[in-house]
There are 4 protein chains.
Amino acid sequence: MNSAGRVRAAAVELFATKGFHGTGIRDLAQRAELSSATLYHYMGTKEDLLVEIMTTALQRLLDAAEQVTTEAGDPVARLRALVALHVLAHAVSPGETRVVDNEVDALSADARGRVVALRDEYEQLWARIIEDGVGCGAFHTERPAVTRRALLEMCSGVARWYSPRGPLRLEELATHYAELALRALGNPAAVDTDEVRRCREVVARVWDIPVRAGN
Amino acid sequence: MNSAGRVRAAAVELFATKGFHGTGIRDLAQRAELSSATLYHYMGTKEDLLVEIMTTALQRLLDAAEQVTTEAGDPVARLRALVALHVLAHAVSPGETRVVDNEVDALSADARGRVVALRDEYEQLWARIIEDGVGCGAFHTERPAVTRRALLEMCSGVARWYSPRGPLRLEELATHYAELALRALGNPAAVDTDEVRRCREVVARVWDIPVRAGN
Amino acid sequence: MNSAGRVRAAAVELFATKGFHGTGIRDLAQRAELSSATLYHYMGTKEDLLVEIMTTALQRLLDAAEQVTTEAGDPVARLRALVALHVLAHAVSPGETRVVDNEVDALSADARGRVVALRDEYEQLWARIIEDGVGCGAFHTERPAVTRRALLEMCSGVARWYSPRGPLRLEELATHYAELALRALGNPAAVDTDEVRRCREVVARVWDIPVRAGN
Amino acid sequence: MNSAGRVRAAAVELFATKGFHGTGIRDLAQRAELSSATLYHYMGTKEDLLVEIMTTALQRLLDAAEQVTTEAGDPVARLRALVALHVLAHAVSPGETRVVDNEVDALSADARGRVVALRDEYEQLWARIIEDGVGCGAFHTERPAVTRRALLEMCSGVARWYSPRGPLRLEELATHYAELALRALGNPAAVDTDEVRRCREVVARVWDIPVRAGN
DNA sequence: GATGAATGAGGATTCATTCAT
DNA sequence: GATGAATGAATCCTCATTCAT
């Protein structure tokens, strides 16, 4: 990896584990194996780095979500795809997702606005699908907005505990969460594993992470 | 409120919104309406304050959970109680719970050990109930551990968005989450609202927060 | 001991071991078993305390020195008495003497002037006796001023290492130092132990310290 | 002098005159003509600086002492050399030596152990030589350990009063102290000035201080 | 007498960032 | 590209001292 990449990777890892405010420029430099002055050849301010990480991560998730839900068919299939994608993204790049989920408050008002707008746009995908499912009788929930938040938090939580080195394979993880989500929405249908696999391939391509047979 | 209470309240609020590392001693002092030197009459180090907040919050949750699950009957009732309690606790004191959930990494190794031990003990309550429910055929899940984590994250997420000033009343919130959890566990039984009310009363008493008719 | 005495004793002990600047008001309070606010009933400022310790210690030494040298006869006897007294004083109250010797620089200019004046007055006693001894042919030294300083440092050093709990008795210590001093002054006469005993009695009386048979 | 050198020189001077605890980081910065933040480019903590000063000073003294005593012949010559070296070192770098002598108590337990070990090693040189001299009948003292301490304190005291700008030249100072020491040890032999000159040359070389004809 | 509460000033140290080389 | 040197501002925390009770 080149220096710029090492800086970004270091930032993701440290921001995710120690928090933005808990991470010093010297920590970043050490992890990236550069002097702290050299860091500034590859980044603007520390906050710029955070903003870049957050927006690209959210944009990537948003793009992939639009892709997989467009490909899928009915609300059930689209929700399955959305859950699978979300869970896989959080399992495959827990650093970025934890930063996105936890460090919004560290942003300046201006940057926060842009990040929150992206996040809202993404959540709207969920809202629309759930709404559609309720509309066509596939989902049953008295409080769609509450349910949506509950499901999102449930899925995002994956980044807090899942390890690719554990026994649970990525597809199994995604399948299980899709099942949980559909049950919670009152539609305990069996999950089509082909769909999950398709999501996994999208993730592999978009996140540029070799998803090995192992998981 | 006295000075000591104001310090603690300020810490909870600021740690929850800006993070431990994002909160300066001067922020705390300003919020508590004290000079920064005076703060140190009421606390040890900043970390001591964090530890105190975390351990009392966790201990309170743990005690209340043991109480409500002991009172309840079968695994279904116990899980309902546990979910309701957890959700209510997170809705009623979102500050404390967010601190507990987000700032574990800010602790020194020693303190982290103690806090994580408490958290593990609490999670064991969930694990045992889910296990019992699966054992007696009430719950259906292929991966109890994964499901447990999913449900915990789902319920904890309440602290991130619920506002007591919104239209959703506390009991409705708890009831809805209990329903979601039971569905996810493959047992879409109707939720007994008496049980939820009992939990709400426990919360009102233990957290010493007047749960008004309004929510 | 009463509170005022405990404060003074604590100050002597702590100033001697940790230095004036290394000793905090809280250290003093803890050692004196008082609250730090209560300290101020028994003292002025921290520096006042230091000044009081230094001046009384120096004044006491000066008075005793004048007494024992007036009682003694020829320069040899007077020097023996002076050495014995100095050594005994440093052995018997190492705290005070270390403070006097080491903390002069911690004083404000004003107080320093007064303390240094006392110290100079005391050193003049030494100077005069050495001068007399050289004059009457009892002492031989080419540089009386250098020799005087050398002997004073040698004798003051006792406060850095002597312990009354060790095997060396006070009189033996004083006798040995008197011998060293006289040798250094070119007059290796045997030391009269009666004289040393008289000095010891003066020390016992003036310093109000029970000199037990043990040492 | 470069910045690092200025920091060290400032520390020696200030620690020597105001004590470790009496010297603030701002004092150091001002004396070194750097901002207090820049100080930390050239040092670790304030204590690290103290430890470095102490250990290098002691090590230098120890090395030089081993050199001059190895070169010298009988115990009398070796003691003369040791006294001369000690006195010259204290006269030539009074700052370092006063720090070594006075600030041991300011060290943390760990560092203190290392420093005291060095000091003990140095004192052992004195102990062995005195012991040898007593063994071969050159020295007469009933209490070698007490005498050793007395002589060491006497010689170290030089750093408290000697000024190279006074009338007393370095060689005269060292010669006089060697004479005092030998007298105190019961061997009032004349002091070989060649030996003292050799010590002075060692000091000039090891301490890298140009010993001018003037003193 | 005694003390808990209070504080402005200062303690050592680290911060993110710049810039000349 | 890369970095050692540099710094003003900020970090957490302790200082000696006062005062109302």
Side-chain angles (χ1 to χ4, degrees), chain A residues 2-4 7 11 20-29 32-50, chain B residues 2-4 6-7 20-29 32-50 106, chain C residues 2-4 6-7 11 20-29 32-50, chain D residues 2-4 6-7 11 20-29 32-50 106:
Chain A
N2 61 10
S3 293
V7 171
F20 177 74
H21 291 300
T23 302
I25 238 63
R26 282 163 176 80
D27 298 328
L28 285 172
E33 294 179 302
L34 269 68
S35 83
S36 61
T38 306
L39 273 189
Y40 285 87
H41 273 279
Y42 301 102
M43 52 177 264
T45 66
K46 198 178 125 184
E47 198 194 356
D48 291 341
L49 192 53
L50 177 62
Chain B
N2 60 11
S3 293
R6 285 212 312 280
V7 171
F20 178 75
H21 291 301
T23 302
I25 234 68
R26 284 165 177 81
D27 300 327
L28 282 172
E33 293 180 301
L34 292 166
S35 82
S36 60
T38 306
L39 275 188
Y40 286 87
H41 257 280
Y42 300 102
M43 51 178 261
T45 64
K46 203 177 104 174
E47 197 194 353
D48 290 341
L49 194 52
L50 177 61
Chain C
N2 61 9
S3 292
R6 285 214 310 282
V7 170
F20 178 74
H21 291 300
T23 302
I25 238 63
R26 283 164 176 80
D27 299 327
L28 284 173
E33 294 181 302
L34 272 74
S35 83
S36 61
T38 306
L39 273 190
Y40 285 87
H41 273 278
Y42 301 102
M43 52 177 263
T45 66
K46 197 178 127 186
E47 198 196 354
D48 292 341
L49 193 52
L50 177 61
Chain D
N2 61 10
S3 293
R6 285 212 311 282
V7 170
F20 177 75
H21 291 301
T23 302
I25 231 70
R26 284 166 176 81
D27 299 327
L28 282 173
E33 294 181 297
L34 292 166
S35 82
S36 61
T38 305
L39 231 42
Y40 285 87
H41 257 281
Y42 301 102
M43 51 178 260
T45 63
K46 201 177 107 176
E47 197 196 354
D48 290 341
L49 194 52
L50 177 61

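The chains referred to below are lettered A, B, ... by the order of the sequence lines, with proteins before strands, and numbering in each begins at 1.
Here the shortest heavy-atom pairing between A/K46 and A/F20 reads NZ-O, 3.1 Å. Closest heavy-atom contact between B/G22 and A/H21: CA-CD2, 3.3 Å.
Between the CG atom of B/L28 and the P atom of F/dT11 there is a distance of 11 Å, given to the nearest Å. One interatomic measurement links the two molecules: CG of D/L39 to P of F/dG8, which rounds to 13 Å at whole-angstrom precision. In this structure, B/D27 places its CG atom 12 Å from C1' of F/dC12, rounding to the nearest Å. Whole-Å rounding puts the D/Y42 OH to F/dA6 C1' distance at 8 Å.
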**Report entry** Annotated protein contacts, base or backbone, on nucleotides 16-21 of chain F with a non-hydrogen cut-off under 4.0 Å, one of B, S, - each
**Finding:** BBBB--
Donor-acceptor list for residues 37-44 of chain A side chains, cut-off 3.5 Å, not counting sequence neighbours:
residue: A/T38; atom: OG1; partner: A/S35; partner atom: OG; Å: 2.8

Query - Intra- and inter-strand pairs of DNA chain E in dot-bracket (Watson-Crick or G-U wobble, both distances under 3.5 Å; | for another strand) - result: .||||||||||||||||||||
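Taken to the nearest 0.5 Å, the OG atom of A/S36 stands 8.0 Å off from the CD1 atom of A/I25.
Checked against side chain to side chain contact (heavy atoms under 4.5 Å, CB included), C/T23 has the following partners two or more places apart in sequence or in another chain: C/L14, C/F15, C/K18, C/D27, C/L28. A search for salt bridge (Lys or Arg N to Asp or Glu O under 4.0 Å) contacts involving D/D48 returns nothing, not counting sequence neighbours. Taking A/E33 as the reference, nothing meets the side chain to side chain donor-acceptor pair (under 3.5 Å) condition, with sequence neighbours excluded.
An OP1 or OP2 oxygen of E/dG1 is reached within less than 4.0 angstrom by no side-chain nitrogen or oxygen of C/T38. In this model, the phosphate group of E/dT3 is approached by a side-chain N or O of C/S35 to a distance below 4.0 Å at OP1 or OP2.
Where B/L34 and C/E33 meet DNA chain E, the nucleotide closest to each residue was compared, and C/E33 sits on the side nearer the 5' end.
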